[in-house]
K.L.:
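My questions all concern the structure below.
Below, each value reflects all heavy atoms present in this structure, side chains not excepted, and no hydrogens, waters or symmetry copies. Letters A, B, ... mirror the listed sequences (proteins, then strands); counts begin at 1.
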Amino acid sequence: MLKADFFERPAPLLAPDLIGKALARRHNGNMLVGIITETEAYQGQEDLACHARVGKTKRNQVMYGEAGKAYIYFTYGMHWLLNIVADQVDTPAAVLIREIFPLAGAEAMALNRPHLAYSSQWLNGPAKLTQAFGIDGSLNGHDLQEKGSELYLVEALVVPQDKIKASPRVGLGNTPEPWLSLPWRWEVSWQDVKELIAEQKKE
DNA sequence: CGGCCGATTATCT
DNA sequence: GATAATCGGCCGG
């Protein structure tokens, strides 16, 4: 189980360490599990790409709270996005979960998200995986350290540093430099994940 | 493949 | 009233 001090770090340190962890979801009697394969860090009021750049509001207040909670918000009039709160209380920071590799319950995910099911385009986006997992605003503020709850995180794969690629965050629109180009996005390929799963199963 | 564009509404100014 | 940490469809090459 992941402990509080795992989450109580700045988002740019937590985000790469979340690659390889598993997100587990109880939904409509099904158990859905996926390996996190892409993340982005949003750190502090000084980060002009972070929702907290305007200070504390009703929407972003969960980011100001305890680490290890889910910060879930609605955007573009139709999408829910899942973040994991990072760092200390009163320091707004979070890690956006952008992609998941399905490990269990893929058939149930496909019912939630039939579009292009089982293709490489299936779960490669922050709003796609929340659809597949049936995640919405009702889980905002939920503690992700409670194993067995509706939504939680567990250890899963050990992903070596050299398999994790960093690059700039995406979809930031008019965000000024240097925030626009900071390499605060991390990912591992599904091919590498498949190989690591096969290797680590033997042990 | 890559680029452009409309959908659709909670949230903030 | 404007904007948005996106997605999927449609177009051209």
K.L.:
Once you round to the nearest 0.5 Å, how far does OG1 of T39(A) lie from CD1 of I84(A)?
P.N.:
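Here the rounded value is 8.5 Å.
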K.L.:
How many angstroms lie between atom CG of L182(A) and atom CD of Q43(A), to the nearest 0.5 angstrom?
P.N.:
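Between atom CG of L182(A) and atom CD of Q43(A) there are 11.0 Å.
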K.L.:
For a quick test of reading the model, state the closest non-hydrogen atom pair linking G68(A) to D143(A) and the distance between them.
P.N.:
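Looks like O-OD1, 3.5 Å.
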K.L.:
Could you grab the distance from atom CG of L14(A) to atom CG of D87(A), nearest 0.5 Å is fine?
P.N.:
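Going from the CG atom of L14(A) to the CG atom of D87(A) covers 9.5 Å.
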K.L.:
Does any non-hydrogen side-chain atom of L139(A) lie less than 4.5 Å from one of W80(A)?
P.N.:
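No. Closest side-chain heavy atoms not under 4.5 Å.
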K.L.:
Considering all heavy atoms of both residues, which atom of A11(A) and which atom of Y42(A) are nearest to each other, and what is their separation?
P.N.:
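Nearest heavy atoms, A11(A) then Y42(A): CB-O, 3.6 Å.
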K.L.:
Report the residue from K21(A), K147(A), K3(A) that forms a salt bridge (charged side-chain N to carboxylate O under 4.0 Å, His left out) with E155(A).
P.N.:
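Checked K21(A), K147(A), K3(A) against E155(A); only one passes salt bridge (charged side-chain N to carboxylate O under 4.0 Å, His left out): K21(A).
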K.L.:
Note every stem involving DNA chain C: at least three consecutive Watson-Crick or G-U wobble pairs, i with j then i+1 with j-1, with both distances under 3.5 Å.
P.N.:
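Counting only runs of 3 or more consecutive pairs, the stems involving DNA chain C are B:1-7 with C:6-12, B:9-12 with C:1-4.
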K.L.:
Of the residues in residues 163-187 of chain A, which ones touch DNA chain B at a heavy-atom distance under 4.0 Å?
P.N.:
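Heavy-atom contacts with DNA chain B come from no residue of residues 163-187 of chain A; none.
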K.L.:
Which residue pairs pass the salt bridge (charged side-chain N to carboxylate O under 4.0 Å, His left out) test when at least one of the two sits in residues 120-140 of chain A, sequence neighbours left out?
P.N.:
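Counting only pairs at least two positions apart or across chains, no salt bridge (charged side-chain N to carboxylate O under 4.0 Å, His left out) contact touches residues 120-140 of chain A.
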K.L.:
Would you say the side chain of E40(A) lies within less than 4.5 Å of the side chain of P126(A), judging by non-hydrogen atoms?
P.N.:
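Result no, sub-4.5 Å side-chain heavy-atom pair not found.
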K.L.:
Establish whether the base of dA5(C) is bridged to the side chain of H51(A) by a donor-acceptor pair shorter than 3.5 Å.
P.N.:
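Yes.
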K.L.:
Expressed in angstrom and rounded to an integer, what is the separation of R53(A) atom CZ from dT3(C) atom P?
P.N.:
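Result: 12 Å.
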K.L.:
E99(A) has an atom CD; how far is it from atom C1' of dA5(C), in whole Å?
P.N.:
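Nearest whole value for this atom pair: 16 Å.
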K.L.:
Does N174(A) have more than 12 heavy atoms from other residues, nucleotides or ligands lying within 6.0 Å of its CG?
P.N.:
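No, not enclosed.
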K.L.:
By a strict heavy-atom criterion of less than 4.0 Å, which residues belonging to residues 58-67 of chain A are in contact with DNA chain B?
P.N.:
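Contacts with DNA chain B under 4.0 Å: K58(A), R59(A).
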K.L.:
Heavy atoms under 4.0 Å, any strand shown: does Y76(A) hit a base, just sugar-phosphate, or nothing?
P.N.:
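Since a base atom lies under 4.0 Å of Y76(A), the category is base.
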K.L.:
Return the set of residues passing salt bridge (charged side-chain N to carboxylate O under 4.0 Å, His left out) with K165(A) (not counting sequence neighbours), or none when no residue passes.
P.N.:
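Residues passing salt bridge (charged side-chain N to carboxylate O under 4.0 Å, His left out) with K165(A): E187(A).
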K.L.:
State, with a plain yes or no, whether a side-chain heavy atom of E99(A) is found less than 4.5 Å away from one of N124(A).
P.N.:
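Yes, at least one pair of side-chain atoms sits under 4.5 Å.
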K.L.:
For E107(A), enumerate each residue passing the salt bridge (charged side-chain N to carboxylate O under 4.0 Å, His left out) test, keeping only those at least two apart in sequence or located in another chain.
P.N.:
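So E107(A) forms no salt bridge (charged side-chain N to carboxylate O under 4.0 Å, His left out) with any residue.
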K.L.:
Mind checking whether I197(A) and L157(A) have side chains closer than 4.5 Å, heavy atoms only?
P.N.:
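Yes, side chains in contact.
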K.L.:
Can you sort out the partners of E199(A) under salt bridge (charged side-chain N to carboxylate O under 4.0 Å, His left out), two or more places apart, ordered by chain and number?
P.N.:
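Here no residue qualifies.
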K.L.:
From the 5' end of DNA chain B to its 3' end, which nucleotides mark the outer limits of contact with chain A, defined by a 4.0 Å heavy-atom distance cut-off (strictly under)?
P.N.:
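So the outermost contacting nucleotides come out as dA7(B) to dT13(B).
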K.L.:
Remember a base hit wins even if backbone is also touched, and classify A49(A) as base, sugar-phosphate or nothing at under 4.0 Å, heavy atoms.
P.N.:
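Base contact - A49(A) has a heavy atom under 4.0 Å of at least one base atom.
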K.L.:
Might you list the N or O atoms of the protein lying below 3.5 Å from N or O atoms in nucleotides 8-10 of chain C, with each pair's distance?
P.N.:
{"residue": "dG8(C)", "atom": "OP1", "partner": "R113(A)", "partner atom": "NH1", "Å": "2.7"}
{"residue": "dG8(C)", "atom": "OP1", "partner": "R113(A)", "partner atom": "NH2", "Å": "3.3"}
{"residue": "dG8(C)", "atom": "OP2", "partner": "R113(A)", "partner atom": "NH2", "Å": "3.4"}

K.L.:
Checking R169(A) now: which residues fulfil salt bridge (charged side-chain N to carboxylate O under 4.0 Å, His left out) with it, not counting sequence neighbours?
P.N.:
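R169(A) satisfies salt bridge (charged side-chain N to carboxylate O under 4.0 Å, His left out) with D47(A) only.
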K.L.:
Expected output is a numbered-order residue list: members of residues 83-97 of chain A with a heavy atom under 4.0 Å from any atom of DNA chain C. What is it?
P.N.:
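By residue number: N83(A), L96(A).
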K.L.:
Measuring only between side-chain heavy atoms, which start at C-beta, is W179(A) closer than 4.5 Å to E46(A)?
P.N.:
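Sidechains of E46(A) and W179(A): in contact.
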K.L.:
How many whole angstroms separate atom CH2 of W80(A) from atom P of dC7(C)?
P.N.:
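My rounded result for the distance is 15 Å.
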K.L.:
Listing request: all ring pair (Phe, Tyr, Trp, His ring centres under 6.0 Å) pairs with a residue in residues 113-149 of chain A, at least two apart in sequence or in separate chains.
P.N.:
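Qualifying pairs, neighbours excluded: Y118(A)-W122(A).
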